[in-house]
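Below, all heavy atoms of this structure are taken into account, side chains as well, without hydrogens, waters or symmetry copies. Numbers restart at 1 for each chain; the letters A, B, ... are given by sequence-line order, proteins then strands.
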Amino acid sequence: MSSPQSQSQRMSNYFLPTLKETPSEAQIVSHRLMLRAGMVRQSAAGLYSWLPLGLKALRKIETIVREEQAKAGAIEMLMPTLQSADIWRESGRYEDYGKEMLRITDRHGRDLLYGPTNEELITQIFRDNVVSYKDLPKNLYHIQWKFRDEIRPRFGVMRGREFLMKDGYSFDIDEASARTAYYKMFLAYLRSFRRMGLKAMPVAADTGPIGGDLSHEFIILAETGESEVFCHSDILDLPVPEAELMGDDTGDLAPLIESFTQYYARSDEMHDSAMFEAQVPADKQVTARGIEVGHIFYFGQKYSTAMKALVAGPDGKDTAVHSGSYGIGISRLVGGIIEASHDDDGIVWPWAVAPFHVGLINLKPGHEGCDALCARLFDTLSQNGLDVLYDDRDERAGAKFSTMDLIGLPWQAVIGPRGAEGQEVEIKNRATGEKHVLALDAAIALLSSPPESAQ
RNA sequence: CGGGGCUUGGCGCAGUCUGGUAGCGCACCUGGUUUGGGACCAGGGGGUCGCAGGUUCGAGUCCUGCAGCCCCGACCA
């Protein structure tokens with residue numbers, strides 16, 4: 001009964017194994033809630049199966065990233081999870097990477113590895129297929145599972161060993177145009193995180209051997225964040241520039257970027273307290289905890305030189321391309337969003353990444369009036385393109401309310417015998433707890449857009 | 001990888017010190033009563049007690065080895 005684009009579900013047909021009690025291994029709130037809400041199950045240290053509800057949230061985040069990458073001109077592709085060790089030997093990282101890299105030998109005795117990142121592979125693809133500056137610039141990305149054999153995986157999906165990441169790579173003829181590529185991604189990241197309902201702050205990051213000012217981490221603020229961040233409070237309230245501001249003529253992106261980078265913002269590893277005190281007025285100094293959800297950096301000719309990714313310039317001479325890489329931790333974001341948005345009763349999903357928009361509760365399945373009104377609401381919302389999770393189980397009211405609060409869908413629509421009588425629906429805003437009793441049409445109108453507080 | 005802890009039914013736990021053939025709550029099944037914030041009564045199903053050795057008439061319990069998982073630290077998207 002739902003439209004093709006809607007992914008509405010009846011709970012009686014769904015797979016949503018919720019838990020009343022928290023499994024003992026989960027310590028932080030997002031991990032606890034993801035287990036209790038039936039989003040993931042752990043299969044081994046740092047490895048998780050994504051159950052239907054968790055997968056839906058993951059896919060929504062993925063879609064936002066994909067759309068914003070497209071707007072910024074990046075092109076999607078897909079590279080394999082396993083890579084040949086040969087290209088890593090070429091770049092010199094096979095030896096350097098250490099035990100974090102999972103090394104595998106196939107039946108022929110060839111050395112493979114489960115990719116922790118893809119600079120080598122993309123560089124190989126690039127050099128084999130692009131030979132002229134006329135084909136530049138290019139920005140290629142993929143969204144793929146990675147593996148890093150962390151010494152100590154923890155925090156659920158926030159620091160698993162296997163993780164879903166969007167990683168993109170830009171290729172430019174010189175540093176100036178590479179800088180433009182970097183700026184575009186900087187802005188695309190701000191927009192992506194804002195769409196997910198997050199306040200993400202770009203902080204200066206270590207540029208390593210390359211130097212320069214082109215490396216930023218994007219941090220979302222959450223009390224349980226892994227690192228401490230120090231910033232000027234104004235950076236938190238800067239408006240995020242719209243995509244329309246970014247045509248192909250991007251010569252003047254620098255001022256936009258500077259509107260962010262002019263403020264002091266650093267995580268603990270780069271923090272300089274003397275500089276902080278000097279640059280930020282006391283009443284604007286913010287110290288908080290955050291979770292890194294993205295990292296962009298320019299690495300120049302590091303891989304292109306080592307791996308001979310050369311293109312002919314206008315003068316006919318070969319030069320190594322200038323590259324940058326741009327990562328977003330997609331699976332980590334699921335945990336990060338929950339860290340940033342929950343309460344004592346459960347998750348509070350921002351509209352854009354909620355697994356379903358509306359949780360519909362039938363207080364009395366089998367009651368003719370309730371069933372009919374629920375069916376009408378379910379069908380209409382679904383046909384309007386909304387994702388509805390319909391609790392049609394034969395459970396007590398309290399159990400349904402608790403489950404719905406736990407999984408945290410932005411809107412709850414409750415229909416019981418009382419309301420069915422008058423064709424009325426009780427609507428609850430999950431974030432604020434605010435309730436309204438509305439006639440069917442008014443309820444449909446309200447449920448069709450985000451609750452204000454979730455925007 | 002250093003330090004600490006844990007492993008008993010799907011989940012949370014007791015039982016281990018002091019050896020005697022496994023228990024509680026939740027969940028699940030059946031029947032009944034309930035029915036707007038995780039109900040109640042009665043009955044029921046489900047566990048080679050992480051694995052492998054050993055001691056013993058007898059091991060969840062004692063000994064040895066191994067594995068898995070969690071926490072703190074160092075490291076990281």
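- Within 4.0 Å (heavy atoms only), A:Ser331 reaches no atom of the nucleic acid at all.
- In this structure, a donor-acceptor pair under 3.5 Å is present between the side chains of A:Asn429 and A:Thr432.
- Protein atom CG of A:Asp394 is 15 Å distant from nucleotide atom C1' of B:U30, rounded to whole Å.
- Of the listed nucleotides (B:C70, B:C26, B:A77), B:A77 has the atom at the smallest distance from the side chain of A:Arg332.
- In this structure, A:Asp345 does not pair ionically with A:Arg430, as no charged nitrogen and carboxylate oxygen lie closer than 4.0 Å.
- Residue A:Arg393 contributes atom CZ, which lies 10 Å from atom P of B:C28 at whole-angstrom precision.
- Distances were taken from every side-chain heavy atom of A:Glu226 (C-beta onward) to each of B:C76, B:A27, B:G25; the shortest belongs to B:C76.
- Residue A:Glu25 qualifies as enclosed at atom CD: its count of foreign heavy atoms under 6.0 Å is above 12.
- Going from the C1' atom of B:U8 to that of B:U55 covers 22 Å, rounded to whole Å.
- At whole-Å resolution of the value, OH in A:Tyr169 and C1' in B:A77 are 12 Å apart.
- If you check distances only, the side chain of A:Arg148 never reaches the base of B:C76 with a donor-acceptor pair under 3.5 Å.
- Straight-line distance from the CG atom of A:Leu19 to the P atom of B:C28: 12 Å, rounded to whole Å.
- For A:Glu25, whose side chain is taken as the heavy atoms from C-beta onward, the closest listed nucleotide among B:C69, B:G37, B:G38 is B:C69.
- With 3.5 Å as the limit, one finds no donor-acceptor pair spanning the side chains of A:Asp387 and A:Ser8.
- The nearest whole Å value for the distance from the CG atom in A:Leu35 to the C1' atom in B:C11 is 11 Å.
- Among the atoms of the strands shown, none is found under 4.0 Å from any heavy atom of A:Gly329.
- For the pair A:Phe163 and B:A77, the ring geometry qualifies as stacking, because the centroid separation is below 5.5 Å while the planes lie within an angle under 30°.
- Residue A:Ser24 places at least one side-chain N or O closer than 4.0 Å to OP1 or OP2 of B:C13.
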Determine, stepwise, if the pair A:Arg191 / A:Glu68 fulfils salt bridge (charged side-chain N to carboxylate O under 4.0 Å, His left out).
-> CA-CA 7 Å; A:Arg191 283 194 302 273; A:Glu68 293 301 328; 3.3 Å; yes

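- When heavy atoms are screened at a 4.0 angstrom cut-off, A:Gly335 is found touching no nucleic acid atom at all.
- The interatomic distance linking A:Glu217 (CD) with B:C76 (C1') rounds to 10 Å, in whole Å.
- Between A:Asp172 and A:Arg179, no side-chain nitrogen of the basic residue sits less than 4.0 Å from a carboxylate oxygen of the acidic one, so the salt-bridge criterion is not met.
- Phosphate contact (OP1/OP2 of B:C70, side-chain N/O of A:Gln42, threshold under 4.0 Å): present.
- Salt-bridge check for A:Asp96 with A:Arg93: failed, with every basic side-chain N at 4.0 Å or more from each acidic carboxylate O.
- The side chain of A:Arg154 has B:C72 as its nearest neighbour among B:C76, B:C72, B:C69.
- Among the atoms of the strands shown, base atoms are found under 4.0 Å from some heavy atom of A:Lys428.
- Residue A:Ile328 is out of contact with every strand shown, counting any heavy-atom pair closer than 4.0 Å.
- Counting non-hydrogen atoms under 4.0 angstrom, A:Ala397 reaches the backbone sugars and phosphates but no base.
- Within the nucleic acid shown, A:Ala44 comes within 4.0 Å of sugar-phosphate atoms alone, with no base atom in reach, counting heavy atoms only.
- A close approach under 4.0 Å does occur between a side-chain nitrogen or oxygen of A:Arg152 and OP1 or OP2 of B:C72.
- Relative to the side chain of A:Glu150, the nucleotides B:C75, B:G36, B:G12 differ in distance, and B:C75 lies closest.
- Rounded to an integer number of Å, the gap from CZ of A:Arg32 to C1' of B:G12 is 14 Å.
- As judged by a 4.0 angstrom heavy-atom cut-off over every strand, A:Gly327 is placed among residues making no nucleic acid contact.
- Between the base of B:G38 and the side chain of A:Thr403 there is a donor-acceptor pair shorter than 3.5 Å.
- Partner assigned to B:A39 is B:U33, using Watson-Crick or G-U wobble distances below 3.5 angstrom.
- Listed candidates were B:C76, B:A77, B:C1. Nearest to the side chain of A:Arg159 is B:C76.
- For the OP1/OP2 pair of B:A27 and a distance below 4.0 Å, the side-chain nitrogens and oxygens of A:Lys20 include at least one atom meeting the criterion.
- At a cut-off of 3.5 angstrom, the base of B:G38 holds no donor-acceptor pair with the side chain of A:Glu395.
- Closest to the A:Ile151 side chain, of the nucleotides B:A74, B:G38, B:G36, is B:A74.
- Residue contacts shown for A:Asp167 are absent, as no nucleic acid heavy atom lies under 4.0 Å away.
- For B:C1, the paired nucleotide is B:G73, the pair qualifying as Watson-Crick or G-U wobble because both relevant distances are below 3.5 Å.
- Across the protein-nucleic acid pair, A:Ile291 atom CD1 and B:A77 atom P stand 15 Å apart, rounded to whole Å.
- If you check every strand for non-hydrogen atoms under 4.0 Å, A:Arg41 touches nothing.
- Under the Watson-Crick or G-U wobble criterion, with both distances below 3.5 Å, B:G47 is left unpaired in every strand shown.
- One finds a side-chain N or O of A:Arg396 lying less than 4.0 angstrom from the OP1 or OP2 phosphate oxygen of B:A39.
- Remark: A:Glu426 does not engage A:Arg418 in a salt bridge, criterion side-chain N to carboxylate O under 4.0 Å.
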